[in-house]
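In what follows, a single structure is set out as C-alpha cells and then discussed.
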Amino acid sequence: MRKTKKIMALVLAGMMTVSVLAGCGSSGNQEGNQGAGTSAGSEAAGGTAAAGTGETAGASQGAANGGGLHTLSDGVLDVGTAITWDTLTPFRSQTGNNAPYSYLCYEALAKVTYEKEYIPWVAKSWSAEDDGVTFNIEIYDYVTDSAGNYITADDIVWMIEACKEAALKPAFAKVKSVEKTGDYTLKVTMSKDMVGAFEAVLINTFVVSKAAYEASADQFATEVVSTTPYRLTKFVSGSEIAFEKRDDYWQKEELIHPANAANVDKISFHIITEASQAGIALETGTVDAFMILDPNTAKQFEGNGDFTMKATSYINGSQLFFSGHPDRNIAEDKNLRQAICYAIDAEGLITGVYAGNGKAMHDSIADTSIGWLDKWKDEEYYPYDVEKAKELLAQSNYKGEELVILAGSGSSTQRLCQMIQAYCLQVGINIKLNLVDSALYTSTRLDGSQYDMTVNTVGGECLPDHWSIRYDMNAYKTGDATSRHDEVLAEMLYSTWTREGFTDENIDAVHQYLKENMYAYGMVQPENIDIWRTDLGMITDVHTNKGSVDFAASVYAE
C-alpha cells in the first residue's frame with residue numbers, strides 16, 4: 001500500500017535540518033514526524049507556507065545582525081494574549097501548550113517549525129534503530145541554565161521519567177523506558193511503533209536542571225530557572241509574564257535557528273481574555289501587539305495604517321466532542337450525536353463567531369495535519385440540515401432532557417457555544433452551557449461524566465498525534481479524552497499508526513469509522529489573526545508551529 005508521500009518529504013527535511021544545524025552525521029528523525037498536539041485553552045499544530053514575509057536566509061541574517069524596536073518608550077515589547085498558565089510548572093498537560101511564552105520559559109529537546117521541520121534545540125542529534133521503537137539522543141555538551149547549572153543526560157532522563165509518572169501528556173505514556181548511555185547521550189525505548197510518537201517526546205520534553213528544580217521553593221510554580229535565551233522577571237498568574245534577554249545564553253550564535261532567535265531585549269505578555277478589552281489595549285498603547293486576536297475585534301483595525309495584521313490558517317480546529325462516559329446517555333446514542341451535528345450550521349459559525357475568518361472542517365482535525373486526505377473535501381460531512389436533524393432525533397432516545405456543554409469562558413468560545421445552543425434548540429434539543437475558567441476546564445475535560453459535550457480546539461502535527469490525544473482508550477485513567485472505551489476503534493488506531501500501517505486506505509477507514517459514529521464533530525478551522533503596531537518596524541515575521549507570529553524571534557529594522 002502507498003505510504004503518504006508527505007511523510008517521506010518531512011523525513012528528508014528533518015534529516016537535512018539536523019545535518020546542517022547540528023553538524024553531525026546521524027539523522028534527526030526517521031519515519032513519520034509529528035508534533036505534540038494542542039491550542040488556546042486547548043490541546044496542539046501549521047501549514048507549509050514560508051514563515052513570515054521574508055526568506056529563511058533573511059531571517060537568519062536579521063537574527064545575526066540583531067535589530068531594534070521602534071518607539072518603545074520603556075524598552076519593553078508588550079504583547080497581549082488570551083492564553084494563560086496558572087502555574088509555570090514544567091509538568092504540564094496539553095492544555096495551553098500554544099502559549100506564546102512557553103518557548104521563553106522552557107527549551108525542549110527539539111522544536112517543530114511552522115514549515116513542519118523538526119530542528120535540534122537542546123538535542124544535538126537523534127537517530128532510530130532498526131526495530132522502530134529504540135531511539136538514541138545526543139544533547140549539546142555545553143548547555144547551561146540561567147543559574148549556571150550544566151545540563152547532562154541525567155537531567156533529561158529525570159525529566160522524561162518524571163513526565164511519564166505525572167501522566168499529563170499522552171506523549172510520555174508511550175515511553176517504555178529511558179536510560180543514560182553517556183554523559184550527554186541517552187536511549188529512549190517506545191512501547192509501540194507509532195508514527196510521530198518519538199518526535200512528540202522530543203518536542204514535549206522541557207529541559208530543566210534537576211538540581212535547580214529540587215532547590216526551588218515552589219517547584220517552579222512562580223519562578224523558573226531555565227536554559228532559554230530569556231530570564232523570567234515577572235509572573236502574575238492570569239495577568240502578566242515578563243522576560244529579559246540573557247547575556248550568557250549557552251548556544252553558539254551560528255547554530256541558532258531563526259525560529260529560536262531572541263531578537264527582543266525585553267518582552268512582556270499581558271493576559272487579556274475579553275475581546276473588547278484587547279481592542280482597547282491596542283488602541284490605547286497598553287500593548288504593542290496581540291496574538292490570536294478575536295476576529296470580530298480585528299475588524300475595527302482594518303484599513304488602519306497604524307497597525308499591521310496577518311491571518312494564517314490555524315493548525316487546530318474548533319470541535320464538539322461527545323462524552324463517552326456510560327453515565328451519559330449520549331455516549332450510546334449515535335442518532336442523537338448525529339442529529340446535533342446536522343443541526344449546527346458551520347458556515348453560520350464562521351460568520352457569527354469568526355467574522356468570516358475560517359473554513360468548514362471535514363474531519364475532527366484540521367487539514368494541515370500529516371496524513372489528512374484531500375478526498376475528504378469532496379465527501380458530505382454533516383451539512384446543515386434541520387429536517388435530517390429532526391429525523392435522527394426522532395430515532396434517538398432523547399426525551400427532552402437538558403444536555404450540558406462544558407467549555408472555556410473566552411469570548412469566542414462563549415459565542416460559539418451560544419450559537420450551538422440556539423441551533424440545537426431549533427430542532428428541539430435543550431442545551432445548558434457550563435462555561436468555566438481555564439483551570440477548571442483542564443481539571444474536568446477528561447471526565448466525561450461531567451458533560452454531554454465539550455468544545456475544544458485540538459490539533460496535531462499528524463493524525464496519530466490527534467488520535468492518541470483524543471481517541472486512545474488507554475491514553476488516560478478514565479479511557480480516552482471523553483471517558484470512552486471503544487475496543488474496535490483502539491485496534492484500528494493501533495494497527496494504522498505504525499510505520500507499516502500508516503497507509504491511505506487505513507487512514508480513511510479510521511476517518512469513516514469516526515465519521516459514522518460521530519464521537520467528535522469538526523466544526524470550523526479558524527484563522528489566527530495577529531496584529532502589531534506598524535512602527536515596530538518588523539521586517540520578517542517568524543511564526544510558531546501553531547501559526548501565530550513569534551514576536552521574540554521576528555526580525556525588526558535597525
Open item on the list: Checking the side chain of R484 only, and the main-chain atoms of S323 only, is there a donor and an acceptor separated by less than 3.5 Å?
Closed with: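 At least one qualifying donor-acceptor pair exists.
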Task: Side-chain donor or acceptor of S369 paired with backbone N/O of W372 under 3.5 Å - done: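 A pair under 3.5 Å: no.
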Task: Side chain proximity check, T273 to T84, heavy atoms < 4.5 angstrom - done: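 The answer is no; the side chains never approach within 4.5 Å.
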Task: Heavy-atom side-chain proximity of M453 to I405 below 4.5 angstrom - done: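 Yes, at least one pair of side-chain atoms sits under 4.5 Å.
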Open item on the list: Salt bridge check, D472 against K174: does any charged N sit closer than 4.0 Å to a carboxylate O?
Closed with: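 Judged by the 4.0 Å cut-off on N to carboxylate O distance, K174 and D472 do not form a salt bridge.
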Task: Salt-bridge criterion met for K375 and D504 (N-O under 4.0 Å) - done: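 Between D504 and K375 there is no salt bridge, as every charged N stays at least 4.0 Å from the carboxylate O atoms.
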When you compare the side chains of [X] and [Y], does any donor N or O come within less than 3.5 Å of an acceptor on the partner?
| X | Y | result |
| --- | --- | --- |
| Y441 | N456 | yes |
| S364 | Y519 | no |
| E115 | T113 | yes |
| T312 | Y114 | no |
| S412 | D294 | yes |
| N528 | S548 | yes |

- [ ] Output all residues satisfying side chain to side chain contact (heavy atoms under 4.5 Å, CB included) with T185, sequence neighbours left out; order by chain, then residue number.
- [x]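 Residues passing side chain to side chain contact (heavy atoms under 4.5 Å, CB included) with T185: E138, T181.
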Task: Between F91 and F206, ring centroids under 6.0 Å - done: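 Between F206 and F91, which both carry aromatic rings, the centre distance is not below 6.0 Å.
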Open item on the list: Is it the case that the ring center of Y342 lies less than 6.0 angstrom away from the ring center of Y382?
Closed with: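 Yes, they do, as the ring centres are separated by less than 6.0 Å.
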Task: From Q338, E380, E379, residue fulfilling side chain to side chain donor-acceptor pair (under 3.5 Å) relative to K515 - done: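 Among Q338, E380, E379, the one that satisfies the side chain to side chain donor-acceptor pair (under 3.5 Å) with K515 is E379.
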